[in-house]
Amino acid sequence: QPRLVESGGGLVQPGGSLRLSCAASGFPLYHYTIGWFRQAPGKEREGVSCSLSSSEASTSYADSVKGRFTISRDNAKNTAYLQMNSLRPGGTAVYYCDVVGYFDPCLNPAEYDNWGKGTQVTVSS
């Protein structure tokens, strides 16, 4: 059974919104750095957004999504989220979440190694 499970993907038109969820089991997300990543067909996995810790409230975003995506946590639900607004066709990809012990900077996918199935996001009219 995976420790992290992504959900919330789907088909959305350009300009639309989706909220992805990352549910954790067996450990508290509160104490970890969380990263969201995506991989488009034929391309390598890239960092989208990350959050260093709940206490620091320090987040990072890829330039391509700044102002449109927001990473957050619900500690009571032990779940992380990626709110995606103003989606573009270039956002079509499989989206993944993962965690590491505190790590700064946190957008490099090479620093994460617990990849799950991800959730497919397709932005198309």
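Just the heavy atoms: all of them, side chains too, but no hydrogens, waters or symmetry mates, feed the values below.
Atom CG in D74 sits 12.5 Å away from atom SG in C22 (nearest 0.5 Å). Atom-to-atom distance recorded for I34:CD1 and L4:CG is 8.5 Å, nearest 0.5 angstrom. Here CG of L18 is found 9.0 Å from CG of L11. Values are rounded to the nearest 0.5 Å.
With sequence neighbours excluded, the residues that form a side chain to side chain donor-acceptor pair (under 3.5 Å) with R73 are S51. Applying the ring pair (Phe, Tyr, Trp, His ring centres under 6.0 Å) test to Y61 and every residue at least two apart in sequence or in another chain returns nothing.
In terms of heavy atoms, S21 sits closest to T79 at CB-CG2, 4.2 Å. Scanning all heavy atoms of the two residues, the minimum distance from P14 to S124 falls at CD-C, 3.6 Å. A pairwise comparison of heavy atoms in L29 and A24 identifies CG-CB, 3.5 Å as the closest pair. Across all non-hydrogen atoms, the minimal contact from V48 to F69 is CG1-CD2, 3.6 Å.
Both V65 and L82 belong to a common hydrophobic cluster when Ile, Leu, Val, Met, Phe, Trp and Tyr are linked at side-chain heavy-atom distances under 4.5 angstrom. Cluster membership check: V100 shares its hydrophobic cluster with F37, using side-chain heavy-atom separations under 4.5 Å among Ile, Leu, Val, Met, Phe, Trp and Tyr.
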Exercise answer: donor-acceptor pairs, residues 103-117 side-chain atoms, under 3.5 Å, sequence neighbours excluded:
unit_1 : atom_1 : unit_2 : atom_2 : d
N108   : OD1    : A110   : N      : 3.0
Y112   : OH     : C106   : O      : 2.7
W115   : NE1    : Y112   : O      : 3.4

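In this structure the side chain of T92 reaches within 4.5 angstrom of the side chain of Q120, judged on heavy atoms.
Of the possible polar contacts, none joining the N78 side chain to the P28 backbone as a donor-acceptor pair under 3.5 Å is found. At distances below 3.5 Å, at least one donor-acceptor pair connects side-chain atoms of S49 with backbone N or O atoms of S60. Side chain of Q39 to backbone of V94: no donor-acceptor contact under 3.5 angstrom is found.
Within the structure, every pair that satisfies the salt bridge (charged side-chain N to carboxylate O under 4.0 Å, His left out) test and touches residues 18-45, not counting sequence neighbours, is listed here: R38-E46. Counting only residues at least two apart or in different chains, ring pair (Phe, Tyr, Trp, His ring centres under 6.0 Å) contacts with residues 3-36 comprise F27-Y32.
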Where do N85 and T70 land on the side chain to side chain contact (heavy atoms under 4.5 Å, CB included) test, with the steps shown first? CA-CA 9 Å; N85 298 327; T70 304; 5.7 Å; no
If you apply the rule side chain to side chain contact (heavy atoms under 4.5 Å, CB included), what do you find for M84 with L20, and how did you get there? CA-CA 8 Å; M84 306 186 295; L20 307 183; 3.7 Å; yes
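Under a 4.5 Å side-chain heavy-atom cut-off, the cluster of Ile, Leu, Val, Met, Phe, Trp and Tyr residues that includes L52 is completed by Y102.
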